[in-house]
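Here the structure is laid out as structure tokens; the discussion comes afterwards.
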Protein chains: 2
Amino acid sequence: MNFKPAAVNAASEKGFAMSQMQNVERQLREMILGLEIGPGEKLTERWIEGRFGASRTPVRAALLRLETEGLVGRDGRGWTVSPINLAELEQIAVYREAVEVAALRLTCMHADGNAIDVIEAMLDSCDENTAREEWHRVGMDFHIELARLSGNEFLFKAVRDAMTRLSRARWLEVRDEAALGRAWAEHRAILAATRLGDADEAARRLSTHIVGSRDRLVTSLANDRRGLRARGFAVVAA
Amino acid sequence: MNFKPAAVNAASEKGFAMSQMQNVERQLREMILGLEIGPGEKLTERWIEGRFGASRTPVRAALLRLETEGLVGRDGRGWTVSPINLAELEQIAVYREAVEVAALRLTCMHADGNAIDVIEAMLDSCDENTAREEWHRVGMDFHIELARLSGNEFLFKAVRDAMTRLSRARWLEVRDEAALGRAWAEHRAILAATRLGDADEAARRLSTHIVGSRDRLVTSLANDRRGLRARGFAVVAA
DNA sequence: GATACCGGTTTGGTATCCCAAAATGGTATC
DNA sequence: GATACCATTTTGGGATACCAAACCGGTATC
């Protein structure tokens with residue numbers, strides 16, 4: 001029987017036909033990033049199949065794609081949601097710094113005021129009434145969109161990929177209002193230097209921002225490991 | 001019928017059990033990188049299925065993986081071997097420079113003489129009697145292994161991925177003996193600076209090497225576009 | 001109580017079948 | 001000769017059936 005109950009409706013989003021594979025991939029990614037499925041949890045193709053009303057063929061394809069994003073991994077024969085790995089987070093920070101700084105330097109060489117205005121507007125859209133989740137999302141998009149301005153597809157994808165991998169950890173981070181404010185100030189300073197085309201200054205500020213961000217993140221997670229463990233989240237030490 | 005004729009034998013390489021997916025992926029990658037299937041050529045799942053004696057399920061899985069490597073891409077509904085894209089090659093050079101330099105700087109901070117000896121021995125293994133194909137392979141492995149020494153998995157994978165994407169283009173490049181000698185000299189100079197832990201010097205030489213390499217590559221391919229076209233290879237302009 | 005063993009169950013890997021959409025090729029029309 | 005049109009074939013997307021290996025629970029043995 002080729003009857004697909006609910007998934008096919010969810011698929012047609014604004015009349016946009018989506019393949020089952022894309023559906024499963026998107027929904028599963030959201031569940032993983034939204035921590036609806038905890039880091040370290042086991043996944044079976046059959047569970048996913050039942051959960052999303054798709055057969056194993058698209059499920060399998062989606063898993064293969066998510067594997068390349070580092071969101072799921074193989075555990076022997078089966079599938080596992082990737083645990084939070086502190087050592088990996090530190091390595092990603094180094095990687096991020098390399099690609100983001102390179103992208104930013106490129107951008108500074110042909111800074112486009114309008115494009116920078118758009119990014120600044122993103123930052124402005126967050127105020128004290130904004131949900132924590134939104135701050136989180138905008139904080140990542142800032143880096144991603146900034147990298148996009150470089151015009152280099154590879155640097156852009158590298159940054160986007162790195163942010164995706166950091167996403168869950170950053171969501172788990174206990175962040176106070178002050179830290180968020182500091183981050184936003186740093187974002188604005190980076191933008192300002194970029195607008196002026198001052199590559200060295202922008203690069204320096206971005207590096208500092210990334211390193212500080214990494215330190216706060218790793219410290220927070222290391223301190224809260226007990227709490228995370230209690231929620232059933234696998235956390236691998238640095 | 002679940003009978004698998006020859007593929008299963010090729011699979012057990014030194015008693016090493018390999019899944020059909022891995023088999024198809026590896027063989028197809030080799031055919032693409034070895035230009036046995038030309039850039040721009042159309043692929044059908046059914047052709048691959050028949051060619052390697054595997055069913056469509058592992059074939060599709062392999063294609064999905066190769067897609068993330070950039071070796072195949074989607075052309076509407078079907079699959080295509082990625083064409084040689086000059087603009088992309090230039091972007092990859094920028095990307096490479098960012099990640100390779102970052103990796104090299106890390107390596108310089110904890111330079112391991114023995115590890116560097118191993119890489120130098122790789123270079124030494126090439127002489128006037130060495131096949132062109134071997135020079136080609138060692139030239140890539142030099143960069144990959146050097147990146148591995150950084151200890152950063154992400155930088156390493158980024159370099160490996162970049163070299164894979166450059167591989168076919170470099171193989172197509174018309175390279176004279178002199179250019180090869182110059183490249184090897186640059187490799188040795190980079191190693192020497194790295195051995196001394198002179199990060200700035202090593203980084204400078206690596207940057208120069210990459211930029212020079214890019215220029216020669218793009219120029220060569222642009223000049224030879226007619227010849228490549230004649231061989232049935234799709235080449236997209238910068 | 002710990003452990004080794006065994007049979008049933010689950011699960012990923014694979015082959016195969018069906019379908020709708022897209023490509024193809026031949027034909028009639030202008 | 002070019003073009004629009006229709007029948008046929010091909011092809012990728014998806015669903016399902018089957019298998020071998022891994023997993024699990026219970027039992028017997030020490």
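Quick note on labels: first sequence line is chain A, next is B, and so on, each numbered from 1.
Each of D:dG12, C:dT14, D:dT16 was ranked by its minimum atom distance to the side chain of A:Ser55; first place goes to D:dT16. If you check D:dG14, C:dT14, C:dC18 against the side chain of B:Arg60, the one that comes closest is D:dG14. Set against C:dG12, C:dT14, C:dC17, the side chain of B:Arg56 has C:dC17 as its closest nucleotide. When distances are taken from the side chain of B:Met21 to each of C:dT14, D:dG13, C:dG12, the shortest belongs to C:dT14.
B:Glu49 has its CD atom 13 Å from the P atom of C:dT14, to the nearest Å. Between the CZ atom of A:Arg46 and the P atom of D:dT16 there is a distance of 12 Å, rounded to whole Å. Computed from coordinates, the B:Lys42 NZ to D:dT10 C1' distance equals 14 Å when rounded to whole Å. Here the P atom of nucleotide D:dT10 and the CG atom of B:Leu43 are 18 Å apart, to the nearest Å. Distance, B:Arg74 CZ to D:dG12 C1': 9 Å, rounded to whole Å. Taking atom CD of B:Glu45 as the reference point, atom P of C:dT16 lies 15 Å away to the nearest angstrom.
The environment of CD in B:Glu36 is crowded: more than 12 heavy-atom neighbours from other residues, nucleotides or ligands sit within 6.0 Å.
The side chain of B:Gln20 places an N or O atom within less than 4.0 Å of a non-bridging phosphate oxygen (OP1 or OP2) of C:dA15. For C:dT14, neither phosphate oxygen OP1 nor OP2 lies less than 4.0 angstrom from any side-chain nitrogen or oxygen of B:Thr57.
Side-chain contact check for B:Ile92 versus B:Glu97: every heavy-atom pair is 4.5 Å or farther apart.
In summary, of the residues considered (B:Arg160, B:Arg148, B:Glu100), a side chain to side chain donor-acceptor pair (under 3.5 Å) with B:His143 occurs for B:Glu100 alone.
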Using the 3.5 Å cut-off, write out each protein N or O paired with an N or O of nucleotides 8-10 of chain C and the distance between them.
none

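A:Leu63 comes within 4.0 angstrom of no nucleic acid atom, judged by non-hydrogen atoms across all strands.
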*Between A:Arg168 and A:Leu35, does a side chain to side chain contact (heavy atoms under 4.5 Å, CB included) hold up when you go through it step by step?*
CA-CA 7 Å; A:Arg168 293 179 304 163; A:Leu35 296 166; 4.2 Å; yes

*asked:* What verdict does the side chain to side chain contact (heavy atoms under 4.5 Å, CB included) test give for A:Leu33 and A:Trp171, after you've listed the backbone C-alpha separation in whole Å, the side-chain angles of each residue and the deciding distance to 0.1 Å?
replied: CA-CA 9 Å; A:Leu33 292 181; A:Trp171 181 244; over 6 Å; no

*Starting from the C-alpha separation in whole Å, work towards a yes-or-no answer on side chain to side chain contact (heavy atoms under 4.5 Å, CB included) for A:Leu149 and A:Ile119.*
CA-CA 10 Å; A:Leu149 292 192; A:Ile119 294 183; 3.8 Å; yes

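D:dT29 and C:dA2 make up a base pair, with Watson-Crick or G-U wobble contacts both under 3.5 Å.
Ring planes of B:Phe52 and B:Trp47: perpendicular class, angle over 60° (limits at 30 and 60°).
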